[in-house]
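Written out below as structure tokens is the structure these notes cover.
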Amino acid sequence: MLKKTITVLLLIALAGCQPAIPPEALELSPQTLEMRQMQTRYFDTKDEAMVLSASAALLQDMGFNIDESETKLGYILGTKDRDATDAGQIVGAVLVAALTGTVMPVDKSQKRRACIVTHPYGEQKDKIAVRVTFQRIVWNTQNQVSTKECLAQPEIYQEFFSKLSKSLFLEAQNI
Amino acid sequence: MTTRRNVFYWVVLLAVFLICGCATTQERLLDSDTSQVQLRSIQTRAFDTTDREKTLRTVMATLQDLGFVIDQADATLGTVTATKLNRYALRVTVSIRPRGETQTLVRVNCQYEDKPVTDPVPYQRFFTSLEKGMFLAAQQVD
């Protein structure tokens, strides 16, 4: 009995004090290359500043605010806050409340982050690579973070880059 | 009777130990529980290059490969801060500075959820990933 108590205490100690960092967190995985390909496109230009400027304009088109940028390193960070209310989740919460009397928190708001990094590419450095990554943080009605994730749906990236091509065209035409 | 008392002492001792281990005081601000020298040696590697911009750009590309979103980058100061969200939140800051005439020091510190990372293994893994992007070996600094 007491042995069990000690074991439980030890487990609590381990769980509570040392949230271990997952071993794969800082390691390149077999999916790395696939993700990189999905998140990157190459444009035939040497003008990195122009590509960055078109990217910033695109972020604005998509409702993002620019939080950070460093032109010398080809970097822009945009974020936007949006509503995260989900009808299905609310129905579920109402059902649970009706059946058990407990109030379940539902998703309330979310922050989306888009990070764009450009770099000269190719042997002659005659191309500009653009890589974009998206993240999403969701808060529920109790102001707790309910979801934090990297967005990995290929459709998001496809649409982003088709918009970026348009934005580059508009940039070139000075529109 | 004696065994029971013995075990009771053990439990008390363990509880005291837990309290000491978990709830460190205001000193959290300074994280002074780890040796400064030891921490630096875990977190720092030297690369045979003097190209600051290329190093910073490679650091950013590696962080993106690892699933991070860059929060902040400064070419003049030589720092990049990034966050990885994958059910957990992992935040890292990478800083670079020249070392002698031929080398650049790269230092990274990690914060996992609300704890500093002092285990050397994650840092080794990061530098292994960075080596691949740099096409240079990460050298341990004494």
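Below, chains carry the letters A, B, ... as their sequence lines are ordered, and counting in each starts from 1.
At a 4.5 Å heavy-atom cutoff, A/Ile76 makes no contact with chain B through either its backbone or its side chain. If you measure heavy-atom distances from A/Leu28 to chain B, the contacts under 4.5 Å come from both the backbone and the side chain. Looking at B/Phe127, neither its backbone nor its side chain comes within 4.5 Å of chain A, counting heavy atoms on both sides.
With rounding to the nearest 0.5 Å, the separation of CG in B/Asp65 from OG1 in A/Thr40 is 8.0 Å. Atom OH in B/Tyr112 sits 11.0 Å away from atom CG in A/Leu26 (nearest 0.5 Å).
Applying a 4.5 Å heavy-atom cutoff, the residues of residues 92-120 of chain A that approach chain B are A/Arg113, A/Cys115, A/Val117, A/Thr118, A/His119, A/Pro120. Identified by a heavy-atom distance below 4.5 Å to chain A, the contributing residues of residues 83-90 of chain B are B/Thr83, B/Lys84, B/Leu85, B/Asn86, B/Arg87, B/Tyr88, B/Ala89, B/Leu90, in residue-number order. Contact residues of residues 157-167 of chain A toward chain B are absent (heavy-atom distance under 4.5 Å). Within residues 123-134 of chain A, the residues having any heavy atom less than 4.5 Å from a heavy atom of chain B are, in residue-number order, A/Arg131, A/Thr133.
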Might you work through the side-chain contact (heavy atoms from CB on, under 4.5 Å) test for A/Thr32 and B/Ser129, ending with a clear yes or no?
CA-CA 11 Å; A/Thr32 301; B/Ser129 310; over 6 Å; no
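For chain A, the option among B/Val117, B/Asp71, B/Asp119, B/Val121 with the highest count of heavy-atom pairs below 4.5 Å is B/Asp71. Note on A/Ser29, A/Ala152, A/Pro22, A/Ser69: by heavy-atom pairs under 4.5 Å with chain B, the leading option is A/Pro22. Ranked by heavy-atom pairs under 4.5 Å with chain A, the first of B/Lys132, B/Gln64, B/Gln124 is B/Gln64. Most heavy-atom pairs under 4.5 Å with chain B: of the set A/Gln39, A/Gln31, A/Glu68, this distinction falls to A/Glu68. Across B/Cys110, B/Ala82, B/Ala73, the residue that shares the most heavy-atom pairs under 4.5 angstrom with chain A is B/Ala73.
No donor-acceptor pair closer than 3.5 Å links the side chain of B/Arg125 to the backbone N or O of A/Ala25.
Residues B/Thr128 and A/Glu27 form no side-chain contact, since every pair of their non-hydrogen atoms from C-beta on lies 4.5 Å or further apart. Taking 4.5 Å as the limit, every side-chain heavy atom of B/Ile70 sits out of range of all side-chain heavy atoms of A/Leu77. In this structure, A/Tyr75 and B/Asp74 have side chains that are not in contact, with every pair of non-hydrogen atoms separated by 4.5 Å or more.
Under the 4.5 Å side-chain heavy-atom criterion for ILVMFWY residues, a single connected hydrophobic cluster contains both B/Leu136 and B/Leu56. Following chains of ILVMFWY side-chain contacts shorter than 4.5 Å, one can reach B/Leu66 starting from B/Ile96, so the two form part of one hydrophobic cluster. Note on B/Val69 and B/Val94: same hydrophobic cluster, where clusters join Ile, Leu, Val, Met, Phe, Trp and Tyr whose side-chain heavy atoms are under 4.5 Å apart, directly or indirectly.
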